[in-house]
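In listed order, ligands and their atoms are each counted from 1.
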Amino acid sequence: MPLPLSRRQFIASSTALLSASYFPWAWARTHSPKLPIPALVDGTSGVPVDLEIRTGQWQFKTGVTTPTLGFSQNYLGPTIRTRQNSELTLHYKNTLDEPVAVHGHGLHVPGDVDGGPQLAMAPGESWQPTLSIVQRAATCWYHSHTHGSTGRQVYSGLAGMMIIDDEHSDSLPLPKQYGIDDLPVIIQDRTFDAQGNLVYSLNDAGEDGWLGETVVINGAITPVTHVPAGKIRLRILNGSNARFYVVGFVDKRTFHKIATDGGLLPAPVALTTTEMGPGERCEIIVDMADGNPAELLTLFEDEVDEDGEGLINSLLSIFSKSDKTTAKPSLTLLVDQKLTANTEPLPEQLSTISRPKESEIKNTRDFILEMDGAENNGGGHGHHGLMDMTINKAAMDMDTINEQVKLGEWERWRIRSDQGEHPFHIHGCSFLIAKIGGEAVPLAQQGWKDTVAVDDDGWSEVIVRFDFPATSKHPYMYHCHILEHEDRGMMGQFTVS
Ligand code: C2O
Ligand code: CU
Ligand code: CU
């Protein structure tokens with residue numbers, strides 16, 4: 001099972017083990033690729049943002065060319081920057097020979113522009129949705145959401161970042177120079193064959209989903225980037241299909257988490273490690289004022305066992321620098337004193353978040369995620385020979401609306417699994433977590449979210465309201481964001497009216 005250790009225990013045991021004694025950055029400086037920074041596209045100009053869905057050739061490993069997919073680039077897509085109270089028009093064109101749907105993950109937009117699987121573009125087709133951006137500043141993303149092939153298409157490269165600004169976030173003294181002190185950090189794990197091709201198979205994925213062997217950041221392996229000697233904002237997206245990470249730094253430095261999926265936290269939260277499930281985003285501030293390199297670790301959560309031994313092993317392999325095949329820091333930030341630094345103190349207050357009163361919560365719904373949980377397959381494996389993945393005993397069916405929700409009314413959604421950890425995601429909203437695995441919500445998760453970790457320890461509960469309609473023709477989805485679970489049916493559809 002993916003999570004032998006509860007996240008509370010882990011955070012407690014991990015901080016003692018990280019050591020500041022080893023500096024592989026001298027090696028990194030000469031041998032590592034530069035961190036690729038996806039092109040930034042202004043989404044506020046009124047001109048449709050062109051996103052051509054196409055095949056590409058990308059070098060994950062220097063000198064080795066890998067066939068990939070991308071949006072107007074070889075791998076991944078441009079970062080789209082938009083603002084609250086503006087209109088964003090996207091122009092997708094599908095040049096592949098298979099259907100593709102593209103969803104705006106984290107966006108508060110109606111179902112007909114949400115990009116769920118019903119909105120797939122056939123080969124050669126285009127789709128031009130106009131999105132009214134009303135939500136607060138946040139780091140969101142867009143990615144393939146094609147029925148049954150989301151996992152393969154995202155793995156091949158169909159994902160990109162979207163940044164929403166607002167007047168309030170503009171007014172805060174946070175780093176905001178894209179690519180300089182405000183960096184997109186898309187974490188993914190990939191497996192390559194001897195020729196350098198991506199290896200992926202939904203059929204061969206185990207019950208934990210498809211786990212890659214090598215971490216790539218914005219499509220590069222152990223990249224390096226130069227940053228100013230001040231505050232650096234990392235917009236981290238776990239864009240992996242199935243991998244949960246524990247993120248921290250080799251020197252055990254404290255960083256500040258300032259934002260969750262749906263926007264700024266009430267106040268910065270000081271941390272030395274943070275966990276990220278597939279689909280989740282967080283923004284952190286790393287202070288580089290001391291001039292020392294910062295080496296980001298993306299440890300595999302499932303390799304960390306109850307005694308923290310997995311973590312020790314991960315660290316030991318990082319420390320044994322003579323062995324070139326072992327793990328390295330996933331990303332190294334090196335200070336360049338010539339760059340203009342943001343040395344403003346971090347604001348003590350970042351945003352206000354108002355929670356609804358108990359009396360305002362009108363309805364409760366329960367969701368149970370199961371592996372091999374379908375009722376009509378004799379309890380065994382489904383007709384396709386794969387495990388059936390279900391929510392409330394139902395596998396995703398494009399012709400079934402599973403839930404009907406009232407527009408503008410607060411609800412409590414209680415979610416748990418029968419086994420293992422799953423990142424549960426809801427379209428068309430941000431929500432507040434009220435309980436996580438039956439326990440109180442840590443400060444660092446007390447912000448707007450759209451993806452929540454659920455497990456079999458106890459119910460996770462979220463408080464949610466939908467402010468836009470979704471019809472039965474263009475419903476919203478809720479699903480597990482382990483993409484192989486989603487593709488195997490752990491997903492449902494709902495309307496809002
Ligand atoms: Cu990020 Cu329905 O997905
Ligand atoms: Cu989504
Ligand atoms: Cu799952």
Side-chain angles (χ1 to χ4, degrees), residues 1-3 101-111 113-120 131 135 138-151 153-155 158-162 186 188 202 205-211 237-244 261-262 276-281 302 367-373 386-391 395-396 415-431 448-456 460 464 466 468 470 474-494:
M1 278 295 88
L3 191 61
V102 189
H103 163 61
H105 179 134
L107 300 185
H108 304 184
V109 296
V113 290
D114 178 63
Q118 305 79 7
L119 284 157
L131 316 179
Q135 70 201 87
T139 301
C140 297
W141 63 305
Y142 57 101
H143 63 78
S144 154
H145 215 303
T146 315
H147 187 57
S149 42
T150 296
Q153 291 183 349
V154 170
Y155 194 81
L158 292 186
M161 188 173 276
M162 200 178 279
I186 303 175
Q188 297 173 313
L202 177 60
E207 63 178 359
D208 295 341
W210 189 261
L211 300 168
L237 157 63
N238 182 351
S240 304
N241 283 31
R243 186 74 82 178
F244 287 75
D261 301 333
M276 293 188 76
E280 287 189 294
R281 289 86 67 211
D302 56 334
F367 299 88
I368 298 180
L369 282 50
E370 285 188 90
M371 303 206 265
D372 255 343
L386 298 174
M387 265 178 290
D388 273 307
M389 305 271 177
T390 61
I391 298 178
M396 166 70 181
I415 314 116
R416 65 175 297 163
S417 80
D418 71 329
Q419 51 168 308
E421 188 176 33
H422 305 258
F424 186 82
H425 169 58
I426 312 176
H427 286 209
C429 68
S430 300
F431 52 66
W448 290 106
K449 294 279 299 160
D450 52 56
T451 306
V452 61
V454 308
D455 58 25
D456 46 13
S460 290
V464 62
F466 300 90
F468 296 94
H474 299 301
Y476 287 138
M477 325 302 293
Y478 54 81
H479 58 90
C480 176
H481 221 286
I482 291 176
L483 300 181
E484 291 70 36
H485 291 183
E486 173 187 335
D487 280 337
R488 288 174 179 180
M490 199 178 272
M491 175 154 70
Q493 313 195 85
F494 67 105

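Sorted by chain and number, the protein atoms of type N, O or S within less than 2.8 Å of the Cu ion (ligand 3) are His422 ND1, Cys480 SG, His485 ND1. Atom 2 (Cu) of ligand 1 has His145 NE2, His427 NE2, His479 NE2 as protein N, O or S atoms under 2.8 Å away. Counting only distances under 2.8 Å, and ignoring water, the protein N, O or S atoms around the Cu ion (ligand 2) are His103 NE2, His425 NE2.
Ring pair Trp141/His425: centre-to-centre distance not below 6.0 Å.
Looking at heavy atoms from C-beta onward, Glu207 lies in side-chain contact with Gln419 at the 4.5 angstrom threshold.
His145 and His427 share a donor-acceptor pair across their side chains, judged by distance under 3.5 Å alone. Side-chain contact check for Glu486 and His479: at least one donor-acceptor pair (N or O, by modelled atom type) lies under 3.5 Å. At a cut-off of 3.5 Å, with distance as the only test, no side-chain donor of Thr451 or Glu280 sits close to an acceptor on the other residue.
Between the side chain of His103 and the backbone N or O of Asp114, at least one donor-acceptor pair lies under 3.5 Å.
His108 pairs by the side chain to side chain contact (heavy atoms under 4.5 Å, CB included) definition with Gln135, Ser430, Phe468, not counting sequence neighbours.
A salt bridge links Asp450 to Arg281: one of the charged nitrogens lies within less than 4.0 Å of a carboxylate oxygen.
Nearest heavy-atom pair, Leu237 versus Met161, reported as atom, atom and distance to 0.1 Å: CB-CE, 4.0 Å. Heavy-atom minimum distance, Ala242 versus Pro278: C-CG, 3.6 Å. For the residue pair Ser149 and Ser144, the shortest heavy atom distance occurs at O-OG, 4.4 Å.
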side-chain hydrogen bond (donor to acceptor under 3.5 Å, both in side chains) for Ser240 and Asn238? Distances and angles first, verdict last. CA-CA 6 Å; Ser240 304; Asn238 182 351; 3.0 Å; yes
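If you run side-chain contact (heavy atoms from CB on, under 4.5 Å) between Met389 and each of Met396, Met491, Glu370, His485, only His485 comes through.
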